[in-house]
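What follows is a single structure, written as structure tokens, with notes after it.
From a predicted model like this one, the values you see are computed outputs, not experimental measurements. Just so it is clear, the values below take in all heavy atoms, side chains as well, and ignore hydrogens, waters and symmetry mates.
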Amino acid sequence: MAMAACGGSGDDSGGTGTGLSAGTTMTGSTVTATGTGSTSTDVPTTGTTASGGVSESTGTSTTGPTSGEPVTSTTNPGTSTSTTGTATATTSGETTSSETTSGETTGTTGAVDFCEGEGGILLPGDEVTCTGDLGKKTFLFAICSCSGLTANNSLRTDSFDSNDPNMVPMDGGSVGVNGPYKAASMVDIGGSLWVDGKIETFNAHEVAQQLKCSDDLTAGSASHVADDLFTEGNLFAQNMTLTIDGDLHILPNKTNNGAKVLGATIKEQVDVKTPCDCEDLIDVPKIVSGYMQDNDNDALPIAPDELVGLPQPKSIELPCGRYFFTGIDSNSSLDITLTGRTVIAVAGDVQNAGAFHITLAPEAELDLFIAGNANFNNVATIGDPKRPAATRIYVGGAFKFASNFTLGANLYQPNAVFTANNMSEIWGSLFVGGLQLASPLVVHYDQAILELDGCDPPDQGCGDCHDCANPTPRAPRGTCGPCVVDDDCCPPLVCDAGICKAIIPQ
């Protein structure tokens, strides 16, 4: 199906459902990483990616917003430590690699100096779009799959807002699939389910908001939709195995075979938009190449090959700025601490045989661009589970983690299938080439990703809904502006007072 046009898609939402409580964690043993490097404890999350475009999730995760304090990283006494970054990348409040005109910082930053905590880091060769704009236009779902989704084990999603200090669990962890959807195990989706293909469920299946399907839907076991259901195909739910609390919207020539509809059955034209923007993929290698030409390495200084061929444990600290590396290749532990808003661009692969940790200070953010593959063969932590919106990872190839892995971030890997082969719990979101679950997966979506600081002008032109983002997420007559109705927002977002949101606040 064609991608959503300037109005995007999305119908009235607001139903309630039973999203996963933020206090819920996957069962499993607590793991402590020992030896050289960092220590992380508590509950599970992890994944692995096989080479050749298949990502597998295996191992366990650590502390997130649902259990205990955020993961920290410390270097053991006696290790070989190199600390870089005592010099800052700013001078008199301005970034060293930017030009100032009329009191505003331009060039590498937006209208306001990103190292002062506002604005954003411009994408290479782009005079208006920042990394923040890229993040909030990309990560709209808790899970978005460019092909199919097969769940042979349990799947649960919910959401929270890391800008809220109380971190209350909410509905809103939506799932989008460009292809067939098959669930043989229990599924509890805290948001909406959008599928451009057939849906088949064979176990308990819960959707807390709307369900939209472009083909036939078959419910083989007890299933529940807490809001409206839209389908371009037939419903097959013998013996009332499917209950719809809202209305059923179905094409005039299609039939409902057994589903229980508590609202009205509305025979009408139904057009389910393709949920995931997989036609216009982000060119990660091109972005990395841009940062290779324009970066802040010399301001520290730090060499592009600083993290290649490391035989001993290493610890570095990076202040606010943009840093280019030819690759990351370590045979021992590697700890990277970020103290400000940071871009790390890697031209090759990330290969780490030892413990690997990227730790963010309270005000730090990270956009990590990896042109090749990422392989973590030991304990690893990237991002902060208490504020996943602050970390965005873009991978040109596949993302592989073979041991205990904590991901407090939003992961973009559209060219590889994510395969969960062991318990996984992720704080943030997944935008993947496909999803296959052999073990339980829990995803806690951070709605704060939709509120990132950006640089896009409010009245810029647009080709479709993905060209616009909050605070002007709509494109009437080809120009971005405030949304008026849900259809002005990209799936699965809904319009609230001109802003596109994951849920309508109650």
Restricting to non-hydrogen atoms, name the atom on [X] and the atom on [Y] that form the minimum distance, rounded to 0.1 Å.
| X | Y | value |
| --- | --- | --- |
| T391 | L360 | OG1-CD2, 3.3 Å |
| N415 | G396 | ND2-O, 3.0 Å |
| N297 | Y323 | OD1-CA, 3.3 Å |
| A502 | G172 | CB-O, 4.1 Å |
| S145 | L435 | OG-N, 3.8 Å |
| K136 | I449 | CB-O, 3.0 Å |

Carboxylate-amine/guanidinium proximity below 4.0 Å for R392 and D367: yes
Option among D456, D280, D467 that satisfies the salt bridge (Lys or Arg N to Asp or Glu O under 4.0 Å) test with K137: D456
Partner set under side-chain contact (heavy atoms from CB on, under 4.5 Å) for C144, not counting sequence neighbours: F141, C276, F431
Would a 4.5 Å heavy-atom cut-off, applied to side chains only, mark [X] and [Y] as touching?
| X | Y | result |
| --- | --- | --- |
| V350 | D329 | no |
| F376 | K400 | no |
| L407 | W427 | no |
| L123 | L134 | yes |

I358 CD1 to I382 CD1 distance, which is reported to the nearest 0.5 Å: 5.0 Å
Nearest-0.5 Å distance that lies between atom CG in N163 and atom CG in L450: 10.5 Å
Sulfur-sulfur distance C480/C462 under 2.5 Å: no
Side chain to side chain donor-acceptor pair (under 3.5 Å) between N470 and E451, worked out: CA-CA 7 Å; N470 289 328; E451 302 171 11; over 6 Å; no
L307: which of V346, I328, T326, I344 passes side chain to side chain contact (heavy atoms under 4.5 Å, CB included): I328
Centroid-centroid distance, F324 to Y291, less than 6.0 Å: no
Classify the side-chain pair [X]/[Y] by whether it contains a donor and acceptor separated by less than 3.5 Å.
| X | Y | result |
| --- | --- | --- |
| S162 | D446 | yes |
| N153 | S185 | no |
| D335 | H357 | no |
| S159 | Q447 | yes |

From CA spacing to verdict: salt bridge (charged side-chain N to carboxylate O under 4.0 Å, His left out), D294, R322: CA-CA 8 Å; D294 188 8; R322 308 151 306 147; 3.3 Å; yes
Audit row: S214, D196, side chain to side chain donor-acceptor pair (under 3.5 Å) steps and yes/no: CA-CA 5 Å; S214 70; D196 186 7; 2.9 Å; yes
With sequence neighbours excluded, residues passing side chain to side chain donor-acceptor pair (under 3.5 Å) with D161: none
Criterion salt bridge (charged side-chain N to carboxylate O under 4.0 Å, His left out) on R341 and E363, from CA distance to verdict: CA-CA 8 Å; R341 313 178 89 189; E363 301 301 320; over 6 Å; no
Check against disulfide bond (SG atoms under 2.5 Å apart), C465 and C490: CA-CA 6 Å; C465 72; C490 287; 2.0 Å; yes
